Peer 1: 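Would you mind keeping the following structure in view while I ask a few things?
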Amino acid sequence: MKNLPITGKDIARAATVLEADGVVAIPTETVYGLAGNIFSRKAIDKIYSIKKRPRSNPLIVHVSSVRKAKELVKSFPATAELLARNFWPGPLTMVLPKKKIVGDWLTAKENTVAIRIPDHPITLKLLRRLHFPLAAPSANPFKYISPVSAKQVKKMLGNKVVYILDGGRSKRGIESTIVSFEKDGVKILRPGAITEEQLEKVLQEPLLKSVKKKSAHPGMFKKHYSPHTPLFFTDDVLKFVGNKKQDNVAVLSFCKKHKLPHDVKQIVLSKKGLFEEAAANLYDALHQLDNGKFKLIIAEKAPDTGLGKAINERLKKASVK
Ligand code: TXA
Ligand code: MG
């Protein structure tokens with residue numbers, strides 16, 4: 001095994017590693033995940049140690065069907081059924097009361113488990129072949145930028161994972177939206193690829209307002225998704241570039257190609273101003289700029305509606321020192 005290339009499209013090989021308590025990086029439509037058997041304590045320990053992730057931060061479980069999701073939870077409310085029908089497979093993660101078979105060491109001792117069906121043909125094939133679901137946090141070191149390609153996973157974790165299953169560029173490029181089910185409605189715990197508006201349209205009622213509380217894991221870390229290069233998050237790029245030594249800075253613009261001095265590197269996330277396109281390009285652009293040896297990345301705020309909210313949340317957290 002040692003001499004085989006670590007990146008490839010071999011589902012059988014990925015399955016063999018996973019069946020032997022190993023971890024494999026897997027493609028999803030949102031970002032790449034670092035996957036292991038949810039029933040293997042050894043595999044879960046490996047995921048935490050490879051990512052250097054605190055044990056207080058629980059993992060998302062990936063399954064291939066609603067039936068398999070139900071095997072892991074005590075109840076599956078009618079609203080969850082409705083959301084599953086509309087958004088699964090897809091970038092929506094539901095937090096539900098867990099059964100005992102889901103170990104506490106996977107959920108940071110919470111009595112809930114976060115579950116989704118990913119919308120990626122290769123990973124769905126892999127999940128259908130396995131006799132267990134896969135826990136998979138994003139395949140990046142703790143607090144760093146999430147990967148949207150096998151190449152980025154290899155650069156960050158290549159010496160730590162046995163196999164990277166290559167499924168091409170992640171189409172959505174931003175993590176799943178996480179929701180919980182409360183007595184009086186549905187609440188977003190982490191904004192993501194499915195927007196508030198999309199959820200409300202299906203639920204036909206407003207979402208509950210998210211109040212920040214200590215135990216809300218997805219919001220637990222102020223700093224996240226961060227490049228090593230300092231990042232400044234602003235709605236006025238031009239003003240900010242103005243007083244900087246220009247050959248050291250790079251600009252990440254939402255849709256406008258700003259008139260900048262020619263030695264300022266600029267990446268435009270979506271020339272047409274389309275949120276989906278901007279989200280799909282976001283992490284790739286951040287990886288590129290972080291490899292560019294700049295002193296500072298100046299990132300422009302997207303309009304704060306729809307998917308723009310998730311984009312801004314990521315950039316804001318990326319800007320925390
Ligand atoms: O799109 C995604 O969700 C990707 C792909 C790989 O599926 N996964 C992902 O995982 O973003 P991760 O571990 O990077 O982020 C999962 C978030 C964490 O912030 C964690 O705190 C939260 O989900 N989470 C997990 N279990 C939870 C639970 N039981 N209650 C509340 N939050 C939970
Ligand atoms: Mg993550």
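When reading the values below, keep in mind they use all heavy atoms of this one structure, side chains included, and skip hydrogens, waters and symmetry mates. Since this is a predicted model, take the numbers as computed values, not measurements. In each ligand, atom 1 is the first atom listed, and ligand 1 is the first ligand listed. Each residue takes its place number in the sequence, starting with 1.
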Peer 1: Under a 4.0 Å threshold between the charged nitrogen and the carboxylate oxygen, would Lys70 count as salt-bridged to Glu81?
Peer 2: yes

Peer 1: Has Thr107 got any heavy atom lying under 4.0 angstrom from an atom of ligand 1?
Peer 2: no

Peer 1: Mind checking whether Ala136 contacts ligand 1 via backbone (N, CA, C, O), side chain (CB onward), both or neither, at a 4.0 Å heavy-atom cut-off?
Peer 2: backbone

Peer 1: So which of Val102, Val31, Asn57 gets nearest to atom 20 (C) of ligand 1, if we judge by its closest heavy atom?
Peer 2: Asn57

Peer 1: Can you check which of Ser170, Ser138, Pro97 brings a heavy atom nearest to atom 9 (C) of ligand 1?
Peer 2: Ser138

Peer 1: Backbone, side chain, both or neither: what part of Arg53 comes under 4.0 angstrom of ligand 1, heavy atoms only?
Peer 2: side chain

Peer 1: Using the side chain to side chain contact (heavy atoms under 4.5 Å, CB included) rule, pick out the option among Lys52, His224, Lys51, His228 that qualifies with Tyr144.
Peer 2: His228

Peer 1: Ignoring angles and geometry beyond distance, decide whether His62 reaches within less than 3.5 Å of ligand 1 through its nitrogen or oxygen atoms.
Peer 2: yes

Peer 1: List every atom of ligand 1 that sits less than 4.0 Å from any heavy atom of Gly33, numbering the atoms from 1 in the order shown and giving each element.
Peer 2: 6 (C)

Peer 1: Do the side chains of Lys201 and Glu197 get close enough for a salt bridge, i.e. N-O under 4.0 angstrom?
Peer 2: no

Peer 1: Using a 4.0 Å cutoff against the non-hydrogen atoms of Ser176, which atoms of ligand 1 qualify?
Peer 2: 1 (O), 2 (C), 3 (O)

Peer 1: Run the side chain to side chain donor-acceptor pair (under 3.5 Å) check on Glu175 and Ser146 step by step: do they pass?
Peer 2: CA-CA 9 Å; Glu175 289 87 348; Ser146 305; 2.5 Å; yes

Peer 1: Determine whether any heavy atom of Arg172 lies closer than 4.0 Å to an atom of ligand 1.
Peer 2: no

Peer 1: Between CZ of Phe254 and CD of Glu277, what distance do you get to the nearest 0.5 Å?
Peer 2: 9.0 Å

Peer 1: Show, in sequence, the C-alpha distance, side-chain angles and deciding distance for Glu110 and Lys98, and conclude whether the salt bridge (charged side-chain N to carboxylate O under 4.0 Å, His left out) test is met.
Peer 2: CA-CA 9 Å; Glu110 293 287 322; Lys98 76 172 188 72; over 6 Å; no

Peer 1: Regarding Glu313 and Lys317, does a basic nitrogen lie under 4.0 Å from an acidic carboxylate oxygen?
Peer 2: yes

Peer 1: Check step by step if side chain to side chain contact (heavy atoms under 4.5 Å, CB included) holds for Leu82 and Asn86.
Peer 2: CA-CA 6 Å; Leu82 183 64; Asn86 281 275; 4.0 Å; yes

Peer 1: Out of all atoms in ligand 1, which are within 4.0 Å of some heavy atom of Ile60? Include the element for each.
Peer 2: 3 (O), 8 (N), 9 (C), 10 (O), 16 (C), 23 (O)

Peer 1: Please report whether ligand 1 has a polar contact with Glu110, defined as an N or O pair separated by less than 3.5 Å (distance criterion only).
Peer 2: no

Peer 1: Could you see which bit of Thr30 sits under 4.0 Å from ligand 1, with heavy atoms only: side chain, backbone, both or neither?
Peer 2: side chain

Peer 1: Answer yes or no for Asn140: is there an N/O/S atom below the 2.8 Å cut-off from the Mg ion (ligand 2)?
Peer 2: no

Peer 1: Give the numbers and elements of all ligand 1 atoms closer than 4.0 Å to a heavy atom of Pro137.
Peer 2: 10 (O), 12 (P), 13 (O)

Peer 1: Report, in ascending order of atom number, the atoms of ligand 1 lying under 4.0 Å from any heavy atom of Ile178.
Peer 2: 17 (C), 22 (C), 23 (O)

Peer 1: Taking a cutoff of less than 4.0 Å between a non-hydrogen atom of the residue and any ligand atom, is Arg116 in contact with ligand 1?
Peer 2: yes

Peer 1: Are the side chains of Arg116 and His62 in touch, meaning some heavy atoms are under 4.5 Å apart?
Peer 2: yes

Peer 1: What heavy-atom pair brings Leu18 and Gly36 nearest, and what distance separates the two atoms?
Peer 2: CD2-CA, 3.9 Å

